[in-house]
Q: 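Take a look at this one; I'll ask things after.
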Amino acid sequence: MSNLPNDKSCEDELYDDLTGTYWTPPEALNIDQIHPDIRAVLVEALRRRGPALLVTTEGHENFEFYAAGTVDMSSCIPVGGFTIAIDRQNNHACGVCHCDGELGLTTPMKFAFRGDIDLAFADFYSLARDEGYVS
């Protein structure tokens, strides 16, 4: 008996669609570990004021930063990464993606943070996919 909820082994599952993008497990970063181009975009977004934007009076110290590499599923080739800033206190997040060494999103996408880092990356992926930045 397996410990999978549906009592089926992974070998029984068919994977018909091996296209799209997947990401590596998110890694927590200090702001000084973020690439300068990405850091500049995120910090600028964090300093803006407005109801739909991330707002703090103390600065970026109230935010958590995470990064994950992205890989094309069909070729298994690394294609870039996601960097996300999270404001747990206000349940907000914003993220950027970079592809082939270039910043794909120069304006961070803002979205609600639902309390979980993995969900934040899934939510950001959906936004980036819908905008055509990843497949």
Side-chain angles (χ1 to χ4, degrees):
M1 180 161 157
S2 80
N3 62 357
L4 298 174
N6 62 2
D7 216 16
K8 288 174 63 177
S9 76
C10 290
E11 292 142 8
D12 296 335
E13 192 171 332
L14 296 175
Y15 295 99
D16 294 330
D17 185 12
L18 295 177
T19 60
T21 303
Y22 70 90
W23 55 93
T24 61
E27 177 183 349
L29 300 174
N30 293 321
I31 194 163
D32 59 343
Q33 294 175 293
I34 300 171
H35 187 280
D37 293 342
I38 296 171
R39 181 175 53 222
V41 168
L42 289 174
V43 169
E44 178 62 29
L46 299 177
R47 290 184 179 152
R48 292 182 192 153
R49 301 201 176 273
L53 303 175
L54 299 173
V55 176
T56 179
T57 57
E58 291 81 23
H60 65 268
E61 297 84 14
N62 293 339
F63 296 87
E64 298 170 25
F65 299 92
Y66 294 87
T70 54
V71 179
D72 176 68
M73 289 176 64
S74 62
S75 67
C76 297
I77 295 175
V79 293
F82 298 153
T83 304
I84 294 178
I86 295 172
D87 174 3
R88 287 184 184 271
Q89 184 176 358
N90 295 307
N91 294 321
H92 294 292
C94 71
V96 295
C97 64
H98 54 92
C99 304
D100 300 323
E102 303 219 358
L103 192 57
L105 278 170
T106 56
T107 302
M109 290 185 161
K110 296 158 188 70
F111 56 97
F113 177 64
R114 299 189 289 155
D116 181 84
I117 303 303
D118 292 321
L119 278 176
F121 275 83
D123 291 345
F124 179 72
Y125 165 74
S126 294
L127 291 170
R129 183 194 60 219
D130 292 348
E131 292 294 320
Y133 290 103
V134 295
S135 56

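This chain uses plain numbering: 1 for the first residue, then up along the sequence.
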Q: How long is the gap from NZ on K110 to CG on L127, to the nearest 0.5 Å?
A: 11.5 Å
Q: Spell out, as yes or no, whether a donor-acceptor pair under 3.5 Å connects the side chain of T24 to the backbone of G69.
A: yes
Q: Could you measure the distance from the CZ atom of F124 to the CE atom of M109? Nearest 0.5 Å is fine.
A: 6.0 Å
Q: For the side chain of D116 and the backbone of D118, is there at least one donor-acceptor N/O pair under 3.5 Å apart?
A: yes
Q: Does the pair F113 and D87 meet the rule for a side-chain contact (heavy atoms from CB on, under 4.5 Å), with working shown?
A: CA-CA 8 Å; F113 177 64; D87 174 3; over 6 Å; no
Q: Give me the atom names and distance for the closest heavy-atom approach of A93 to I84.
A: CB-CG2, 4.3 Å
Q: Give the minimum heavy-atom separation between F121 and A68, together with the two atoms involved.
A: CE2-CB, 3.6 Å
Q: Find the distance between CZ (R114) and CG (N91) and round it off to the nearest 0.5 Å.
A: 11.5 Å
Q: Using modelled atom types and a 3.5 Å cut-off, is there a donor and acceptor pairing between side-chain atoms of T83 and backbone atoms of V96?
A: no
Q: Which label fits W23 and Y125: parallel for a plane angle under 30°, tilted from 30 to 60°, or perpendicular past 60°?
A: tilted
Q: Measuring from I117:CD1 to Y66:OH, what's the distance to the nearest 0.5 Å?
A: 3.5 Å
Q: Should we say atom CD of E27 is surrounded by more than 12 heavy atoms from elsewhere, each under 6.0 Å from it?
A: no
Q: What closest approach, in Å, do L29 and A67 show between heavy atoms, and which atom pair accounts for it?
A: CD1-CB, 3.4 Å
Q: Using every non-hydrogen atom in the two residues, find where F82 and C97 come nearest and quote the distance to one decimal.
A: CD2-CB, 3.6 Å
Q: Kindly compute the distance separating CD1 (I86) from CZ (F63), expressed to the nearest 0.5 Å.
A: 11.0 Å
